[in-house]
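Atoms within a ligand are numbered from 1 in the order they appear, just like the ligands themselves. For clarity, every value in this text was computed on a predicted model and none was experimentally measured.
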Amino acid sequence: MDIAILGRIGYDLYSEEPHVPLPQARRFSRYLGGSSANMAVGLSRLGANVGIVSCLGNDSLSQFLIDYLNEAKVDTSHVQTRPGYLPSLCLTEVSPPDRFPQVFYRHDAVDTLLTTAPGDLEYVSAAKMFITNGTSLCASPSREATYLALERAHQAGCRVVFDVDFRAMSWPSPAEAGLAVRLALPFIDVLIGNQPELMLVAGESTLEAATEKLRSLPMLVSKLGEQGTRVWTGEKSVFLPPYKVDVCTTIGAGDGFASGFLYALLQDLPVEECLHYGNAAAAIVVSRLSCSEAMPTMAEVQALLSEQRKPAEPAR
Ligand SMILES: Nc1ncnc2c1ncn2[C@@H]1O[C@H](COP(=O)(O)OP(=O)(O)OP(=O)(O)O)[C@@H](O)[C@H]1O
Ligand SMILES: O=C(O)C[C@@H](O)[C@H](O)C(=O)CO
């Protein structure tokens, strides 16, 4: 595998009725979801060899999810099964350009039951890149499984990527989520978060103060929503504004960004180039309904790049 991803596979329902508030919405369409599974699909569609370490039930929704991943050429040989438990479910209202409330069903979600056997840890440590996220740390035993995988990947010299992925409903308090991520920092090469997430991890009340603390990491990716993205490598940073599209749903922008950015990083492209791939992939996802199904091919990313590409702000 080029990339091993550890995290949740979920079931997404997006409203088919734009501008109808969620309590009134009647028609939904279903997609594979879960931030990690979305990224796995995105990276695979761009051409990477990706596998996912996760946990599903033996219900019919889990069957749909595993079939979807297999069809997307994501290696599912390390997806465990816990009969009687269900994947998480997420419903999203679609009120563009900026209202996308979500309701999550994550009570005893099957992904939190993940454990890592020696074979799973070997699988992770054999990859060139290992990606995981904060939600995987929200409950035991997936918390311990995730820390073990982070440690093994770091020891094996994989490039370790961590998306903060803060979902309030998965945690007793934001402070606990921040602490769980701070404990993982020694293993991380690339930390990805939006503004509130980086503040949460650093325990700071401004993005500037958070950045100051976190930029001792080899790479810090600061997602700024519709403003664009800034990447820090030590004292230097590069900023790239977003690619412009008509917004359908901004939900999934982060997973789209990660897919493009990390695919380019895997090819050892310069940071500025990685930002172009990340922002372009994110914009394409934003222009479509859902996240997994919306992930672009390389040809689609290249087309947007050649249409709109402008240079990033010089490093400073
Ligand atoms: N309206 C938009 N138009 C074009 N690109 C966008 C837009 N919003 C976000 N992006 C791109 O997507 C990237 C990630 O977005 P954002 O900062 O909202 O991440 P996020 O909070 O993880 O999103 P989500 O959790 O909804 O997936 C941004 O850095 C930017 O490049
Ligand atoms: O991450 C989840 O569990 C739900 C996602 O699939 C959802 O569409 C989203 O929030 C994208 O990051």
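In this structure, the protein non-hydrogen atom closest to atom 12 (O) of ligand 1 is Ala282 CB, 3.2 Å. With hydrogens left out, the protein atom closest to atom 2 (C) of ligand 1 is Val286 CG1, 4.0 Å, a heavy atom. For atom 4 (C) of ligand 1, the nearest protein heavy atom (residue, atom name, distance) is Tyr243 O, 3.2 Å. Among all protein heavy atoms, the one lying closest to atom 17 (O) of ligand 1 is Gly225 N, 2.8 Å.
For ligand 1, the polar-atom distance check against Ile251 finds no nitrogen or oxygen pair separated by under 3.5 Å. Considering both main-chain and side-chain atoms, Gly254 comes within under 3.5 Å of ligand 1 through a nitrogen or oxygen pair. Considering both main-chain and side-chain atoms, Gly228 comes within under 3.5 Å of ligand 1 through a nitrogen or oxygen pair. Taking distance alone, with nitrogen or oxygen atoms compared against 3.5 Å, Arg167 stays at or beyond that limit from ligand 1. Taking only nitrogen or oxygen atoms, main chain and side chain alike, Ala283 does not reach within less than 3.5 Å of ligand 1.
Applying the ring-ring contact (aromatic ring centres under 6.0 Å, His included) test to every pair with at least one member in residues 177-225, sequence neighbours left out, gives these pairs: His154-Phe187.
Annotation for ligand 1: atoms under 4.0 Å from non-hydrogen atoms of Gly252 are 24 (P), 26 (O), 27 (O). Close approach of ligand 1 to Pro242 is summarised as follows: ligand atoms under 4.0 Å from at least one heavy atom of the residue are 4 (C), 5 (N). Applying the 4.0 Å criterion to heavy atoms of Val247 picks out, from ligand 1, the atoms 1 (N). Taking every non-hydrogen atom of Thr229 and a distance limit under 4.0 Å, the qualifying atoms of ligand 1 come out as 28 (C), 29 (O), 31 (O).
Between the side chains of Asp165 and Thr135, a donor-acceptor pair is found at a separation under 3.5 Å. A donor-acceptor contact closer than 3.5 angstrom is absent between the side chains of Ser290 and Asp12. A donor-acceptor pair shorter than 3.5 Å can be found between the side chains of Thr115 and Arg82. For the residue pair Ser15 and Glu93, no side-chain donor N or O sits within less than 3.5 Å of a side-chain acceptor on the partner. For the 3.5 Å distance criterion, the side chains of Ser62 and Asp59 qualify, holding a donor opposite an acceptor.
Note on ring orientation: taking the six-membered ring where Trp is involved, the planes of Phe257 and Phe261 are parallel (angle under 30°, cut-offs 30° and 60°). Taking the six-membered ring for Trp and thresholds of 30 and 60 degrees, Tyr123 and His78 have nearly parallel ring planes, at less than 30 degrees apart.
For Glu300, the salt bridge (charged side-chain N to carboxylate O under 4.0 Å, His left out) partners two or more places apart in sequence, or in a different chain, are Arg288.
Crowding of Tyr85 atom OH: a count of heavy atoms from other residues, nucleotides or ligands under 6.0 Å not exceeding 12.
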Any protein N or O within less than 3.5 Å of an N or O in ligand 2? List each pair with its distance, or say none.
unit_1   : atom_1 : unit_2 : atom_2 : d
ligand 2 : 1 (O)  : Arg8   : NH2    : 2.7
ligand 2 : 1 (O)  : Ser35  : N      : 2.9
ligand 2 : 1 (O)  : Arg167 : NH2    : 3.4
ligand 2 : 3 (O)  : Arg8   : NE     : 2.8
ligand 2 : 3 (O)  : Arg8   : NH2    : 3.3
ligand 2 : 6 (O)  : Asp12  : OD1    : 3.1
ligand 2 : 6 (O)  : Asp12  : OD2    : 2.6
ligand 2 : 6 (O)  : Gly34  : N      : 2.8
ligand 2 : 6 (O)  : Asn38  : ND2    : 3.1
ligand 2 : 8 (O)  : Asp12  : OD2    : 2.7
ligand 2 : 8 (O)  : Tyr14  : OH     : 2.8
ligand 2 : 10 (O) : Gln102 : NE2    : 3.3
ligand 2 : 10 (O) : Arg167 : NH1    : 2.9
ligand 2 : 12 (O) : Arg167 : NH2    : 3.1
ligand 2 : 12 (O) : Asp255 : OD2    : 2.9

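The proximity of Phe100 to ligand 1, defined as any non-hydrogen pair under 4.0 Å, does not occur for either the backbone or the side chain. Contacts between Ala253 and ligand 1 below 4.0 angstrom, taking non-hydrogen atoms only, involve backbone and side chain alike.
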Which pairs of donor and acceptor atoms, one on a side chain in residues 168-176, lie under 3.5 Å apart (sequence neighbours left out)?
unit_1 : atom_1 : unit_2 : atom_2 : d
Ser170 : OG     : Arg106 : NE     : 3.0
Ser173 : OG     : Glu176 : N      : 3.2

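You'll find the ring centres of Tyr263 and Tyr277 outside the 6.0 Å limit.
Remark: Arg30 does not engage Glu293 in a salt bridge, criterion side-chain N to carboxylate O under 4.0 Å.
For atom 15 (O) of ligand 1, the nearest protein heavy atom lies under 4.0 Å away.
By the rule that hydrophobic residues join a cluster once side-chain heavy atoms approach within less than 4.5 Å of another member, Leu91 and Phe104 end up as members of separate clusters.
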